[in-house]
Amino acid sequence: MDTKVSQAVRALYGSVDVDVKVTRPDPQFGDYATNVALQLGAKLGKNPGEIADQLAIQLRTDEELKEVQVAGPGFINIRLSDAVLSDNLQHILEQKDVYGKPNTYEDKIVVTEYSDPNPFKVLHAGHLYTSVIGDAISNLIEHAGGTVHRVNFGGDVGMHAAKTMWAIIKRLGGENPDGLSDIEQSKRSEWMAAAYVEGTNAYEDNEADKAEIVALNKRIYQLHTDSDHESPLALIYWTCRKWSYDYFNAFYDRIGTHFEKYYPESETAPTGLATVLEQKETGVYQESQGAIVFVGEPYDLHTRVFVNSEGLPTYEAKDVGLSIKKWADYHFDESIIITGNDITEYMKVVLKSIEQFEPELAHRTKHFTHGNVKLAGGVKMSSRKGNFLRAVDVLDSAADENEKAQGNRDEAPVLGAVKYTFLKNRIGPDIVFDPKESVSIVGNSGPYLQYAHARAVSIVQKASKTAADVALGTFDDYERSLLVKMTEYPDVLDSAVRELSPHLVCTYLYELAQVFNRFYEKSHVLDDEREGVRVQLVTAYASILKNGLILLGIPAPNKL
RNA sequence: GCACCCGUAGCUCAGUGGAUUAGAGCACUGGUCUUCGGAACCAGGUGUCGCAAGUUCGAAUCUUGCCGGGUGUACCA
């Protein structure tokens with residue numbers, strides 16, 4: 001449609017520099033609309049209404065357009081002919097699940113990094129949120145032709161690990177690895193989460209404990225440097241570290257996310273440290289007050305510590321190491337790091353420092369941020385106080401809700417409800433989550449769409465007529481509005497990929513389902529004289545719904 | 001203090017690099033249908049689009065200044 005309008009403009013006004021924009025207006029106005037005449041009016045100093053009239057005359061010569069009307073100060077509203085819509089329907093049916101596939105990332109290698117939980121800590125609602133977001137974005141890029149490598153970065157060393165380990169050792173009555181066998185498998189993650197809280201409180205409240213934790217932190221780094229898997233401390237550390245990864249993997253299995261690679265900080269730290277020390281010689285990093293920093297002020301950023309005065313790499317250096325490792329492992333065209341927006345400024349400093357010695361790497365790296373999950377009523381989550389939402393709490397409350405309504409504990413609608421709740425909003429602002437209200441299973445929700453899909457599939461399976469039985473010809477109003485809505489899908493995907501905005505897909509699918517439900521309410525499919533046509537419409541509709549849901553990471557079973 | 005993000009219906013949010021009458025869901029009230037699978041459909045809104053200026057034929061959308069909330073700002077991650 002862009003092309004058609006552009007051609008009409010060129011035919012009448014030559015090569016005017018104008019940004020031809022075609023939108024999808026309210027269906028009562030048309031299938032498409034453009035305000036190009038208003039733009040031209042301003043540019044050429046003519047009456048926009050007259051320009052619109054002339055363009056309309058030009059466009060009416062196109063047989064593929066059924067209606068071209070001028071409205072208001074110079075908008076042009078356009079409707080497609082039924083013949084074109086028939087072609088579109090055939091196209092959807094033939095292409096099936098690849099209908100509307102954009103090629104934005106064709107032949108591109110993309111590394112997406114998200115979720116990033118820390119071993120020795122609990123998975124909270126924020127990890128679930130960022131995992132769902134990261135997954136949907138990865139899916140979108142993949143669908144647009146990219147080769148996507150999903151990776152996960154996590155702190156298996158550092159103060160949080162030391163805090164947890166300190167409390168664990170205390171609970172074991174010393175560095176006594178045998179005591180770990182008393183902890184039941186199902187209790188392990190909770191037990192470690194409690195140890196983290198205990199260690200954090202000790203660190204904040206007691207100077208002597210704090211000193212012990214700081215010392216323990218260094219010893220844990222040393223375990224890695226020495227490849228120590230034998231000493232009592234090492235046995236405790238490696239066992240608990242494995243418990244954490246088991247816990248993560250079980251969780252990712254449950255939500256259907258799979259990472260190709262974990263980058264534990266213990267592996268990126270040495271690379272990061274070495275790089276920072278090396279680049280200190282070239283002047284990228286500087287010594288300051290016993291630490292090694294990157295001075296950000298010349299770039300309108302702030303100064304951050306990369307190696308602390310103990311000689312240990314901070315998160316900054318570990319991130320430098322991570323970037324270098326990812327670059328070496330994948331030689332990506334684009335690296336997308338998806339995190340909360342609280343580290344936006346931090347990441348700018350890290351990337352700016354990398355840009356000094358590895359510009360190509362920095363330029364190909366994109367930091368994409370989302371808001372934080374907040375509890376309703378402005379309650380702040382605090383792991384210390386224990387009033388935070390664990391990731392499993394969110395899933396379990398959705399499961400309870402679903403059981404109340406449907407009487408079963410199927411996971412598909414639970415994932416649908418949770419993921420859709422997280423994805424339907426624009427990525428950026430904080431999202432408010434009310435554990436009591438839980439997640440929605442009616443209205444604009446995942447289960448609504450899953451159900452809509454299952455119902456459509458069920459109808460198709462019962463149909464006796466197929467596409468071949470009927471000539472398409474013309475469409476009635478309900479058929480037509482469904483079909484027009486379906487032709488919008490490629491545009492939606494294109495925007496969603498360009499803007500990495502899964503919520504555009506959510507909004508669209510919901511609107512599509514609403515249009516379908518209106519059609520469905522008024523138009524009988526089976527045993528109707530128009531069964532052949534309608535079955536095709538329902539088939540195409542189901543394939544788009546399924547495609548969209550899968551892109552969002554939401555299961556779309558044929559039966560619920 | 002400085003930097004960045006966010007203020008749209010009672011609540012949670014859409015609103016595409018400007019436009020035809022600012023829209024959904026939830027909640028509330030009423031209705032539809034002897035279900036092609038009711039997780040449905042239909043009807044019901046007097047919203048200071050945070051406030052105020054500015055630019056324009058036209059601003060929720062762009063600019064500036066305020067107000068309010070959040071986050072970040074050197075040895076945590």
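Letters go in sequence order (proteins before strands), and every chain restarts at 1. Computation of the quantities below employed the complete heavy-atom set of this structure, encompassing side-chain atoms and omitting hydrogens, waters and symmetry-equivalent molecules. Predicted, not measured: the structure shown is a model, and the values here were computed from it.
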Query raised in the report: Is the phosphate of B:C42, meaning OP1 or OP2, less than 4.0 Å from a side-chain N or O of A:R518?
Result: yes

Query raised in the report: A:L482 CG to B:A40 C1': how many Å, rounded?
Result: 16 Å

Query raised in the report: Would a distance-only check, ignoring hydrogens and angles, find a side-chain to backbone donor-acceptor pair under 3.5 Å from A:E267 to A:P264?
Result: no

Query - Distance test, side-chain N/O of A:Y346 to OP1/OP2 of B:C4, below 4.0 Å - result: no

Report task. Using a 4.0 Å heavy-atom cut-off across all strands, classify A:K559 as base, sugar-phosphate, or nothing. Result -> base

Requested in this report: Look at A:H370 and B:C5 and indicate whether a side-chain polar atom (N or O) is within less than 4.0 Å of OP1 or OP2.
Outcome: no

Report summary line: Of the listed B:C75, B:A14, B:A77, the closest approach to the A:V305 side chain comes from B:C75

Report task. Remember a base hit wins even if backbone is also touched, and classify A:L560 as base, sugar-phosphate or nothing at under 4.0 Å, heavy atoms. Result -> base

Report summary line: Of A:D300 and A:K462, the one whose closest nucleotide on RNA chain B sits nearer the 5' end is A:D300

Report task. Please examine the side chains of A:H302 and A:E297, heavy atoms only from C-beta on, and report whether any two atoms are closer than 4.5 Å. Result -> yes

Requested in this report: Scan A:T344 against the nucleic acid and name what it touches under 4.0 Å (heavy atoms): base, sugar-phosphate only, or nothing.
Outcome: nothing

Report summary line: Side-chain atoms of A:Y448 come closest, of B:C41, B:C76, B:G15, to B:C41

Query raised in the report: So what does A:D116 touch, heavy atoms closer than 4.0 Å: a base, only the sugar-phosphate, or nothing?
Result: nothing

Report task. With the side chain counted from C-beta on, respond yes when A:I76 and A:V68 share a heavy-atom pair under 4.5 Å apart, and no when they do not. Result -> yes

Report task. Kindly compute the distance separating CZ (A:R426) from CD (A:E499), expressed to the nearest 0.5 Å. Result -> 11.0 Å

Query raised in the report: So what does A:N558 touch, heavy atoms closer than 4.0 Å: a base, only the sugar-phosphate, or nothing?
Result: base

Query - Interatomic distance at P, B:A22 relative to B:A9, whole Å - result: 15 Å

Report task. Please measure how far the C1' atom in B:G45 lies from the corresponding atom in B:C62, and state the result in whole Å. Result -> 29 Å

Requested in this report: Could you check A:G154 against A:P25 and say which one's nearest nucleotide on RNA chain B is further toward the 5' end?
Outcome: A:P25

Query raised in the report: For A:S309, which contact category applies under a 4.0 Å heavy-atom criterion: base, sugar-phosphate, or nothing?
Result: base

Report task. Name the nucleic acid region contacted by A:T339, choosing base, sugar-phosphate or nothing; use a 4.0 angstrom heavy-atom cut-off, strictly under. Result -> nothing

Query raised in the report: Any chance the side chains of A:Y262 and A:D156 put a donor and an acceptor closer than 3.5 Å?
Result: no

Query raised in the report: Do the rings of A:F294 and A:Y299 sit parallel, tilted or perpendicular, given the 30° and 60° boundaries?
Result: parallel

Query raised in the report: Which part of the nucleic acid, if any, lies within contact of A:Y510, taking any heavy atom under 4.0 Å across all strands shown: a base, the sugar-phosphate backbone alone, or nothing?
Result: sugar-phosphate

Query raised in the report: Which of residues 289-298 of chain A sit near RNA chain B, with a heavy atom under 4.0 Å from it?
Result: A:Q289, A:A291, A:V293

Query raised in the report: Taking a pair as Watson-Crick or G-U wobble with both distances under 3.5 Å, which nucleotide is matched to B:G23?
Result: B:C13

Query raised in the report: Does B:G15 have OP1 or OP2 sitting under 4.0 Å from an N or O in the side chain of A:R426?
Result: yes

Report task. Look through every strand shown and name the nucleotide pairing with B:C36 as Watson-Crick or G-U wobble, where both distances are under 3.5 Å. Result -> none

**Report entry** Sugar-phosphate only, base, or nothing, as touched by A:N444 at under 4.0 Å among non-hydrogen atoms
**Finding:** sugar-phosphate

Report task. Check whether the aromatic ring of A:H160 stacks on the base of B:C76, taking stacking as ring centres less than 5.5 Å apart and planes within 30° of each other. Result -> no

**Report entry** Rounded distance (Å) that lies between atom C1' of B:C75 and atom NZ of A:K218
**Finding:** 13 Å

Query - B:C76: pairing nucleotide in any strand, Watson-Crick or G-U under 3.5 angstrom - result: none

Report task. Could you tell me whether A:N425 contacts a base, only the sugar-phosphate backbone, or nothing, with contacts defined as non-hydrogen atoms closer than 4.0 Å? Result -> sugar-phosphate

Query raised in the report: Rounding to the closest angstrom, what is the interatomic distance between B:G17 and B:G54 at atom P?
Result: 25 Å

Query raised in the report: Reckon A:K318 has a side-chain N or O less than 4.0 Å from the OP1 or OP2 of B:A77?
Result: yes

Query raised in the report: Closer than 4.0 Å, any side-chain N/O of A:Q514 to the OP1 or OP2 of B:A40?
Result: no

**Report entry** CD-CG distance between A:E403 and A:N408, expressed to the nearest 0.5 angstrom
**Finding:** 7.5 Å

Requested in this report: Let me know the distance between OH of A:Y478 and C1' of B:C42, rounded to the nearest Å.
Outcome: 10 Å

Report task. Decide whether A:E316 and A:T314 meet the rule of one side-chain donor and one side-chain acceptor closer than 3.5 Å. Result -> yes

Query raised in the report: Contact class for A:I343 (heavy atom, under 4.0 Å): base, sugar-phosphate, or nothing?
Result: base

Query - B:C57 versus B:C2 - spacing of their P atoms, nearest Å - result: 36 Å

Requested in this report: Using the six-membered ring wherever Trp is involved, compare the ring planes of A:Y541 and A:F516 and label them parallel, tilted or perpendicular (cut-offs 30° and 60°).
Outcome: parallel

Query raised in the report: Base, sugar-phosphate, or nothing: which does A:A33 touch, judged by heavy atoms less than 4.0 Å apart?
Result: base

Report task. Have a look at A:Y315 and say if it touches a base, only the backbone sugar-phosphate, or nothing, with a 4.0 Å heavy-atom cut-off. Result -> base

Report task. Verify the stacking flag for A:F75 against B:U20: centroid separation must be under 5.5 angstrom and the ring planes must differ by under 30 degrees. Result -> yes

Report task. Quick one: label A:S445 by what it contacts on the DNA or RNA (base, sugar-phosphate, nothing), any heavy atom closer than 4.0 Å. Result -> nothing

Query raised in the report: Is the phosphate of B:C41, meaning OP1 or OP2, less than 4.0 Å from a side-chain N or O of A:N517?
Result: yes

Query raised in the report: In the strands shown, is B:A43 matched to any nucleotide by a Watson-Crick or G-U wobble pair with both distances under 3.5 Å, and which?
Result: B:U29

Query - Any-strand Watson-Crick or G-U partner of B:G65, both distances under 3.5 Å - result: B:C51

Requested in this report: Please determine, for B:C4, whether a Watson-Crick or G-U wobble partner exists with both distances under 3.5 Å, and give it or none.
Outcome: B:G70

